[in-house]
Engineer: 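Would you mind keeping the following structure in view while I ask a few things?
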Amino acid sequence: MKKYILELFAKAANKIEYLKDAPIILDVPKADSHGDIACNVALGLSRALKKNPRQIAEEIIASLDPDANVITKMEIAGPGFINFFFSPGYLARIITEVTEKDSDFGKSDRYKGKKANVEFVSANPTGPLTVGHGRNAVVGDTVANILEWNGCEVDREYYFNNAGRQMRVLGDSVKHRYLELLGEDIKFPEDYYQGEYITDIARGLLDEYGDSLRDEDPEGKFRERAESVIFADIRGTLERLNIRHSVFYNENSLYEEGRIQGLLDLFNERGLSYHKDGAVWLKLSELGNEQDKVIVKSTGEPTYRLPDIAYHVTKYERGYDRIVDLFGSDHAATYPDVLAALKELGYDTEKMKVLIHQFVTILKDGGIVKMSTRKANYITLDELIDWTNPDIVRYYFNNRTINSHLNFDVDLAKKQSDENPVFYLQYAHARICSIIRTVNEQELKASHDHLDLLVRDEEIRLIKKIHQFEEVIAEAGENLDGSKICLYLEELAGLFHRFYTVCRIIGSEKNLAEARLALVAAVKIVLRNGLSVVGLSAPERM
RNA sequence: GGGCCCGUAGCUCAAUGGAUAGAGCAUCAGCCUUCUAAGCUGAGGGUUAGUGGUUCGACCCCACUCGGGCUCACCA
C-alpha cells in the first residue's frame, strides 16, 4: 500500500515543484476512520511555503492520479493530514500474494549479496550461562535472523578466551576442590569460583584419575577439563534455545598467528603508542577519546584491548560488509576504544554496529538477586528454561527494546507460565491449524475466487495487518530491533482472535467460508514466519 | 564527579515529532449444545518523575532538577 502511494507522489512531483524534495512519510493511522494510510507532508511543508497546510493538502490531492480500483477515497483531515482509503479488491489481492510467497513472505532483498558477522554471547568458559547471558544470546540470534530475512548472509560468531588469569583461577579452583575431595584440609580462597559445578568437575577427574593428579599443575588437566566441561554445558544451553554459532573464535589464535605482535608493531610505526611506567600505552586521547589506555602491561602481558582490536581487524579481513557486536552495558565503555583504533587504521567503522543491551534484574522471593559468576550467586539460563520453556525465554528477552532494563520476576515466570503472552501468539497459530484440520474432513477448501466477500471490519483489519509484515521486517532490518516483531505478532494474533469469535467458517455460505479459509491460511503463514524470525515454535496443537 | 541507558496505569512494558497515550498481568462484570474459553466483550485505573524551552503540534527534541542501573583498571 505504501509503495503504491509513494509511486503516486513520485509522479505528482513532476507537477508540483515543492514535492520534489519533500520527505513523504506515510503512516498507518490508529483509527479506522482515518483511512488505511495517512500522510502528513502538507503539515511539514506549511512552514517553508508559508501556506495553510489544508490548502497544500488540497493541491497535492488534485495532482495525484490514483487508479479508482485501488484507491477509493482521498480526504483532508484534521490540521492537514491526507488520508487514503484502499478498495476491498486491492486488499483482497494481499491474501493471494501471501499465499504465493508462503514461507518467503516478508523477506526482503535489502541486504542481498551482503555478508554479516554477528558476534554474541562470547562468554568465557568459566561457568554456566546466566540469565544475563540469556538476553545477549536471544537478542543476538534474533538480530542474525532479522539480517537473514533481509537477504543477508550471516555468520553467528562466539569469541572466547581460554587463557589468562581467569582461566588460571578456574583451573586452580577445580584443583582445590579436587584436593578437598581427597580429604585434604584446604582453604578455598574467597575470590575463587564458588559454584557447585566446580566440585562436579573435580569429582569427574577424581573418578577418572583417582588421586594421581595430586601434583598436577592447575593449568594442566584441571583447567583443560574445566574448559571442556563448561563449554559443553554452554553449548547445550544454547542448543536448547535453538542457537548455534557457526564460528567459535579463540582469542589465542590471534597470538599464534602473530597478530598481536603485528598490531603492536603497527601502532609503534604509526606513532600511536608510547612507553610509560614500563607499560605500552595507546594514544587514544589523540584519536578523540577521553584518555590514553594501556595495551601492554608492565608484566609484558597485553590488556584485553589489544586482542580486541586485532580480533576486529580479522572481521574486516574476512570480508564482512556488516559487523554487529552485541554486549551488555558493562562493556559500553570499552568499544569506543576499539572503534577509534580501527578507524585510525583505516577501516570503515560505518560497517560496524555495536548493540548494547541493559542489564537483567532478577527478582526472586521478593528481592533483587545480585548476580556474580565468581560468587556463584546467580540463576542460570538452564534453570530459567527448566522453570518455563525455551519459547517463553526467547519471547521474554525479545519482547523488550535492548535499551531498557529488564526486570525478570522468576516467581512470576514460574507461576504464570500458562498465562504468558507467548501462548497468545502460539494459540492463534494452533487454532488456525485446528480449523484447517476440521475443514479438511468436509467439502470446504481455501479459495481465492470470492475474496471480495471479505468485507467485515474484523476481516479487513486482519488483511491490512498481514500486509504490514513485510514492512515490519524491513524496519527491523534497519534498526536491528526484534522487539517490534513481537509487538506486531501480538497485534496480529489479537486481530485473529477477534476475527475468530465473530466470523465463522464452518456453517457460513460456501463462497464466504472458502474465502475466509484463504484469509486464515494467509494469517497462519504470517504468524509462522514471524514466530520463526524471533525464534519461537509455531505449534500445530496446544 | 564525567560518560551511556532508563523513569509512562497497582505491576511488566508499548507508542518515526502527529489525530482520543495503548497492550498484557492484576481487580471487577459478562460470554462456551456450533471451527480449541491458552479465547472474546465491557468497566475501573494516567498531571507520561518535575520545571522551563523549541513549534502548527512534544511521551518523543533541547536545558536544568530529582530518582534508578551500568561504567570510568597495568580485570575481561
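Order of the sequence lines fixes the chain letters, A, B, ..., with proteins taken first and strands second; residue numbering starts at 1 for each chain.
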Engineer: Across nucleotides 34-42 of chain B, 5' to 3', mark each nucleotide with B, S or - according to how protein heavy atoms within less than 4.0 Å reach it.
Structural biologist: BBBSBSSS-
Engineer: Can you check the distance between A9(B) and C59(B), where both ends of the measurement are the C1' atom (answer in whole Å)?
Structural biologist: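 The answer is 14 Å between these two C1' atoms.
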Engineer: Quick check on C32(B): syn or anti? Syn means the glycosidic torsion is within 90 degrees of zero.
Structural biologist: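 Syn, angle within 90° of zero.
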Engineer: How close or far is atom P of A76(B) from atom CG of Asp191(A), stated in whole angstroms?
Structural biologist: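 My rounded result for the distance is 15 Å.
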Engineer: How long is the line joining OH of Tyr396(A) and C1' of C25(B), in whole Å?
Structural biologist: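 Rounded to whole Å, this separation is 10 Å.
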Engineer: If you measure from the P atom in U16(B) to the same atom in C6(B), how many Å do you get, rounded?
Structural biologist: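 Those two atoms are separated by 13 Å.
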Engineer: Say we look at G2(B) and C11(B): how far apart would their C1' atoms be, to the nearest angstrom?
Structural biologist: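 Taking atom C1' in both G2(B) and C11(B), they lie 34 Å apart.
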Engineer: Side-chain donor-acceptor pairs under 3.5 Å in residues 279-286 of chain A, sequence neighbours left out?
Structural biologist:
unit_1: Trp281(A); atom_1: NE1; unit_2: Lys276(A); atom_2: O; d: 3.2
unit_1: Lys283(A); atom_1: NZ; unit_2: Gly271(A); atom_2: O; d: 2.9
unit_1: Ser285(A); atom_1: OG; unit_2: Asp292(A); atom_2: OD1; d: 2.7

Engineer: With rounding to the closest Å, how many angstrom separate the P atoms on G22(B) and G44(B)?
Structural biologist: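 That atom pair is separated by 13 Å.
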Engineer: Test of understanding: with salt bridge (Lys or Arg N to Asp or Glu O under 4.0 Å), list the residues that count as partners of Lys510(A), not counting sequence neighbours.
Structural biologist: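 In terms of salt bridge (Lys or Arg N to Asp or Glu O under 4.0 Å), with neighbours along the sequence ignored, Lys510(A) is linked to Glu514(A).
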Engineer: The side chain of His405(A) is closest to which nucleotide in this list: A76(B), G69(B), C74(B)?
Structural biologist: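 The closest nucleotide is G69(B).
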Engineer: Measuring only the P atom in each nucleotide, how far is C40(B) from U48(B)? A whole number of Å is fine.
Structural biologist: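 Approximately 29 Å lies between the P atom of C40(B) and that of U48(B).
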Engineer: Give me each pair satisfying side chain to side chain donor-acceptor pair (under 3.5 Å) with a member in residues 29-38 of chain A, each pair once, sequence neighbours excluded.
Structural biologist: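 Counting only pairs at least two positions apart or across chains, the side chain to side chain donor-acceptor pair (under 3.5 Å) contacts touching residues 29-38 of chain A are Asp32(A)-Arg461(A), Asp36(A)-Lys464(A).
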Engineer: Using side-chain hydrogen bond (donor to acceptor under 3.5 Å, both in side chains) as the criterion, list what pairs up with Tyr395(A), not counting sequence neighbours.
Structural biologist: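 Once residues adjacent in sequence are excluded, the partners of Tyr395(A) under the side-chain hydrogen bond (donor to acceptor under 3.5 Å, both in side chains) criterion are Glu490(A).
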Engineer: Just to verify, what does Thr361(A) make a side-chain hydrogen bond (donor to acceptor under 3.5 Å, both in side chains) with, not counting sequence neighbours?
Structural biologist: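 Residues passing side-chain hydrogen bond (donor to acceptor under 3.5 Å, both in side chains) with Thr361(A): none at all.
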Engineer: With nearest nucleotides of RNA chain B determined for Pro302(A) and Lys293(A) from heavy-atom distances, which residue corresponds to the more 5′ nucleotide?
Structural biologist: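 On the 5' side of the pair lies Lys293(A).
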Engineer: Would you say Asn161(A) and Gln166(A) are linked by a side-chain donor-acceptor pair, where the criterion is simply a distance under 3.5 Å?
Structural biologist: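 Not at all, the side chains of Gln166(A) and Asn161(A) share no donor-acceptor pair under 3.5 Å.
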Engineer: In whole angstroms, how far is the C1' atom of C70(B) from the CG atom of Asn403(A)?
Structural biologist: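 Checked: the CG to C1' distance equals 13 Å.
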Engineer: Can you sort out the partners of Thr142(A) under side-chain hydrogen bond (donor to acceptor under 3.5 Å, both in side chains), two or more places apart, ordered by chain and number?
Structural biologist: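 Thr142(A) satisfies side-chain hydrogen bond (donor to acceptor under 3.5 Å, both in side chains) with Arg394(A), Asn398(A) only.
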Engineer: Before we go on, tell me: are the rings of Phe496(A) and His429(A) under 6.0 Å apart, centre to centre?
Structural biologist: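 No; His429(A) has its ring centre 6.0 Å or more from that of Phe496(A).
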Engineer: So what does Asp292(A) hit on the nucleic acid, given a heavy-atom distance under 4.0 Å: a base, only sugar-phosphate, or nothing?
Structural biologist: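 No contact at all - Asp292(A) keeps every heavy atom at 4.0 Å or more from the nucleic acid.
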Engineer: Please work out if Ala38(A) contacts a base, only the sugar-phosphate, or nothing of the nucleic acid, heavy-atom cut-off 4.0 Å.
Structural biologist: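 Result for Ala38(A) = base.
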Engineer: Does Lys297(A) place a side-chain N or O at less than 4.0 Å from the phosphate oxygens OP1/OP2 of C75(B)?
Structural biologist: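 Yes, within the criterion.
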Engineer: How long is the line joining CG of Asp337(A) and P of G3(B), in whole Å?
Structural biologist: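 Going from CG in Asp337(A) over to P in G3(B) covers 17 Å.
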Engineer: Within the stacking criterion (centroid distance below 5.5 Å, interplanar angle below 30°), does His34(A) stack on A19(B)?
Structural biologist: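 Yes, the aromatic ring of His34(A) stacks with the base.
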Engineer: Using only modelled atom types and a 3.5 angstrom limit, is any donor from either the side chain of Ser298(A) or the base of C74(B) paired with an acceptor on the other?
Structural biologist: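 Counting by modelled atom types and ignoring angles, a donor-acceptor contact under 3.5 Å is found here.
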Engineer: Expected output check: what is the dot-bracket annotation of RNA chain B, where ( ) and [ ] are pairs inside the strand (brackets for crossing ones), | is paired with another strand, and pairs are Watson-Crick or G-U under 3.5 Å?
Structural biologist: (((((((..((((....[...)))).(((((.......))))).....(((((..]....))))))))))))....
Engineer: Dump the pairs, protein N or O against N or O of nucleotides 15-18 of chain B, anything under 3.5 Å, distances to one decimal.
Structural biologist:
unit_1: A15(B); atom_1: OP1; unit_2: Lys484(A); atom_2: NZ; d: 3.0
unit_1: U16(B); atom_1: O4; unit_2: Leu26(A); atom_2: O; d: 2.8
unit_1: G18(B); atom_1: N7; unit_2: Asn40(A); atom_2: ND2; d: 2.7

Engineer: Write down the distance between CZ (Arg135(A)) and C1' (C13(B)), rounded to a whole number of angstrom.
Structural biologist: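 Going from CZ in Arg135(A) over to C1' in C13(B) covers 12 Å.
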Engineer: Please check: side-chain N/O of Asn40(A) versus main-chain N/O of Phe81(A), any donor-acceptor pairing under 3.5 Å?
Structural biologist: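 Side chain of Asn40(A) to backbone of Phe81(A): no pair is present.
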Engineer: Below 4.0 angstrom, N of the basic side chain to O of the carboxylate: do Lys315(A) and Glu157(A) qualify?
Structural biologist: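 Between Glu157(A) and Lys315(A) there is no salt bridge, as every charged N stays at least 4.0 Å from the carboxylate O atoms.
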Engineer: Could you state the CG-P distance from Leu355(A) to C4(B), rounded to the nearest angstrom?
Structural biologist: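 Rounded to the whole Å, the gap is 18 Å.
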Engineer: Would you classify Asp308(A) as touching base, sugar-phosphate or nothing, given that sugar-phosphate means primed atoms plus P, OP1 and OP2, and contacts are heavy atoms under 4.0 Å?
Structural biologist: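 The residue Asp308(A) makes no contact with any strand.
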Engineer: Could you state the CG-C1' distance from Leu406(A) to C11(B), rounded to the nearest angstrom?
Structural biologist: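 Spelled out: CG on Leu406(A) to C1' on C11(B) is 14 Å.
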Engineer: Would the Tyr158(A) and Phe231(A) ring centres measure less than 6.0 Å apart?
Structural biologist: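 Under 6.0 Å, so yes.
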Engineer: Suppose you measure atom C1' in U8(B) against the same atom in G46(B); what distance do you get, rounded to whole Å?
Structural biologist: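 Pairwise C1' distance, U8(B) against G46(B), rounds to 8 Å.
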Engineer: Under the salt bridge (Lys or Arg N to Asp or Glu O under 4.0 Å) rule, what pairs show up with a residue in residues 475-488 of chain A, not counting sequence neighbours?
Structural biologist: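 For residues 475-488 of chain A: Arg110(A)-Glu478(A), Asp481(A)-Lys484(A).
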Engineer: Specify the residue among Phe408(A) and Ile356(A) whose closest nucleotide of RNA chain B lies further upstream toward the 5′ end.
Structural biologist: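 This one resolves to Ile356(A).
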Engineer: Can you name the salt bridge (Lys or Arg N to Asp or Glu O under 4.0 Å) partners of Arg431(A), sequence neighbours left out?
Structural biologist: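 In terms of salt bridge (Lys or Arg N to Asp or Glu O under 4.0 Å), with neighbours along the sequence ignored, Arg431(A) is linked to no residue.
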Engineer: Could you tell me how far G17(B) sits from C62(B) if I compare only their P atoms? Round to whole Å.
Structural biologist: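 C62(B) and G17(B) have their P atoms separated by 11 Å.
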Engineer: Can a side chain N or O of Asn399(A) be found less than 4.0 Å away from OP1 or OP2 on C13(B)?
Structural biologist: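 The answer is no; no side-chain N or O of Asn399(A) sits under 4.0 Å from OP1 or OP2.
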Engineer: Using OP1 and OP2 only, check whether a side-chain N or O of Ser404(A) sits under 4.0 Å from U12(B).
Structural biologist: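 Checking Ser404(A) against U12(B): no side-chain N or O falls below 4.0 Å of OP1 or OP2.
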Engineer: Can you check the distance between G68(B) and C28(B), where both ends of the measurement are the C1' atom (answer in whole Å)?
Structural biologist: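 Here G68(B) and C28(B) have their C1' atoms 34 Å from each other.
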Engineer: Just jot down the side-chain hydrogen bond (donor to acceptor under 3.5 Å, both in side chains) partners of Asp330(A), sequence neighbours excluded, or say none.
Structural biologist: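 Applying side-chain hydrogen bond (donor to acceptor under 3.5 Å, both in side chains) to Asp330(A) gives none.
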Engineer: What's the NE2-P distance between His331(A) and C75(B), to the nearest Å?
Structural biologist: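 Going from NE2 in His331(A) over to P in C75(B) covers 15 Å.
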